[in-house]
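Notes to accompany the following structure.
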There are 2 protein chains.
Amino acid sequence: MSQTVDRALSILPLLAEGPANLEQVATRLGVHKSTALRLLRTLHEHGMVYRQQDQRYRLGARLFALAQEAVENLDVREIAHPHLVTLNERCGHTVHLAVYEENEVLYIDKVESRYPVRMYSRIGKPVAITVAAVAKLLLADLPEPERRALAERLTYPAYTARSTPNAAAFLKELATVREQGWATDFGGHEESINCVGAPIRGTDGRVVAACSVSAPNVVVSAEELLSLLPLVRRTADEISREYSGGGPASASVSHASQNPPK
Amino acid sequence: MSQTVDRALSILPLLAEGPANLEQVATRLGVHKSTALRLLRTLHEHGMVYRQQDQRYRLGARLFALAQEAVENLDVREIAHPHLVTLNERCGHTVHLAVYEENEVLYIDKVESRYPVRMYSRIGKPVAITVAAVAKLLLADLPEPERRALAERLTYPAYTARSTPNAAAFLKELATVREQGWATDFGGHEESINCVGAPIRGTDGRVVAACSVSAPNVVVSAEELLSLLPLVRRTADEISREYSGGGPASASVSHASQNPPK
DNA sequence: ATTCCGGTTGCAATCTCTGCAACGTTCATT
DNA sequence: AATGAACGTTGCAGAGATTGCAACCGGAAT
């Protein structure tokens, strides 16, 4: 929309990969050196980029400060966190919290497993949207046309033999998830990792976030993990209640209805 | 420098205070609604701001993802190296950089002394953890339980008469180091070699690395070496500052009001 | 229905940004 | 010392992106 700002913002992800000098930035942006210089200077004035001694640029402290505020603004996270910790204390496995935003599902919180096994995931990073339990929960609640449009737009990587193969299968799975009010991922992303999740709803009954418990086969079988479902759902419901109950605005319905208003 | 980018970036700290709608943003920016709208749209496309259901804007998740990625790509060694070289140029002695990892303290960089006498150490090699100045600095910052557990687990070789004799003495020494913010090793590893060091900290204040200057008695006495402490500390602080993104970003928010509505 | 409020869009003027080319530094090579 | 290369920096004029305006919507409240 705005060429100048567009270019300036494009510099940031580029620098996130690692420090770069003026010419590298200019080349990758496809603009003249002097143009890149002026953009970088503006970013610099705002503390978004920093210039190291060797004159190369990297992301600046202001960005970190803003990022900090950005997460704090995701107030679901604040409310949910203690509940997630409790959940982790009770079952011992890795607990995730995720939200849907702009065609992506993002992890916004995580409590590490107390078992030695570690699984890869990163706060702020988009999740494997076609297979993750939390993704299914969040997408299942989208308005029907949007959900379908998104499903068509996605690609369906075959992470494992049990990955969701295509849009049709995905939509069917979402319907099931929507119906039952919980979701699983049994080896759809990584062969040996299973996952069960439940939705967190706001005052209006819409799904605002989703939480899940993940564990590798070597620690618990899929059935054992599934036995934790009631606990996971209870946790999600508690978060929903607290999330909706907060303000004096309209503390009406405390238990979220299964069928959100259209 | 660039008006458009300047204005766009000024929106971010503004939203960090809390969600705002279009008109609020336009007013606080001192521009026309339509201008603000277009800036916000561009920010939106880059995921820097997010639009909630009530159409108000808030900071977006991409900010967080960017910061996360940047932190992961940070390399202490790369940033520290030029500073270490400068330190070496100023004092002439051997300069070391070390990190703590998996119950060990490892040298990850070294600038050789310019005096003919050199000391033995090798990049990548674990240091004498119970006596080295850098080790004391790194361990002093560990969480209390972990620090104690580690201290108990270690063995205390009597390299010299002045080597740390046991866990109790070591923990006491660590407390001192933690308190004063610097550390020494006077002949604890090799009778004739002394050493002073200072901690390098990340954004969150945690010690991420430590640097030190080492020299044999025959070149400088312990007191003379200690007189270099301010220089060593200053170097460590400079590295810290650069590592955490250039200090408290003095975001000179130039007010966008050069072109007021007539 | 009407009014208000806030967001959105098309347009012309113009102000800002761009690319260029020349210049300044630093560093390595001859 | 001199030469050259590499890279960052600056002044300028032209071009095109950006701006403010005013009109237009769409929903909410009256």
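What you are looking at is a predicted structure, and each value in this text was computed from that prediction instead of being measured. Here is the naming used below: chain letters follow the sequence lines, and residue numbers restart at 1 for every chain.
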Query raised in the report: Considering heavy-atom distances to DNA chain D, does B:Lys33 or A:Arg38 have its closest nucleotide positioned more toward the 5' end?
Result: A:Arg38
**Report entry** 5'-most by nearest nucleotide on DNA chain D - A:Arg51 or A:Thr4
**Finding:** A:Arg51
Report task. Using the side chain to side chain contact (heavy atoms under 4.5 Å, CB included) rule, take B:His46 and B:Arg62 through it: C-alpha gap first, then chi angles, then the decisive distance, then the call. Result -> CA-CA 8 Å; B:His46 285 260; B:Arg62 164 118 313 132; 5.9 Å; no
Requested in this report: Using atom CD of A:Gln24 as one end and atom P of D:dC7 as the other, report the distance to the nearest whole Å.
Outcome: 9 Å
Query - B:Gln3 side chain near C:dT16 phosphate (N/O to OP1/OP2, under 4.0 Å) - result: yes
Query - B:Arg58/B:Glu17 salt bridge by N-O under 4.0 Å criterion - result: no
Query - Nearest-Å distance for atom pair CG/P, residues A:Leu37 and D:dG8 - result: 9 Å
Query raised in the report: Are B:Thr86 and B:Arg90 close enough that a side-chain donor and a side-chain acceptor fall under 3.5 Å?
Result: no
Report task. Find the distance B:Asn21:CG to D:dG27:P and express it as a whole number of Å. Result -> 18 Å
Query raised in the report: Roughly, in whole Å, what's the span from CG in A:Leu40 to P in C:dC17?
Result: 15 Å
Report summary line: Atom CG of A:Leu29 and atom P of C:dC17 are separated, to the nearest Å, by 16 Å
Report task. May I ask you to say what B:Ser34 touches in the nucleic acid, namely base, sugar-phosphate or nothing, with a heavy-atom cut-off under 4.0 Å? Result -> base
Requested in this report: Indicate, yes or no, whether a donor-acceptor pair under 3.5 Å links the base of C:dG6 to the side chain of B:Arg56.
Outcome: no
**Report entry** side-chain N/O A:Arg41 vs D:dT10 OP1/OP2, d < 4.0 Å
**Finding:** yes
Query - Whole-Å gap separating P (D:dT18) and CZ (A:Arg7) - result: 9 Å
Query raised in the report: B:Gln55 CD to D:dG26 P: how many Å, rounded?
Result: 13 Å
Query raised in the report: Between the side chains of B:His93 and B:Asn88, does any donor sit under 3.5 Å from an acceptor?
Result: no
**Report entry** Value in whole Å for how far the P atom of C:dG19 lies from CG of A:Leu39
**Finding:** 9 Å
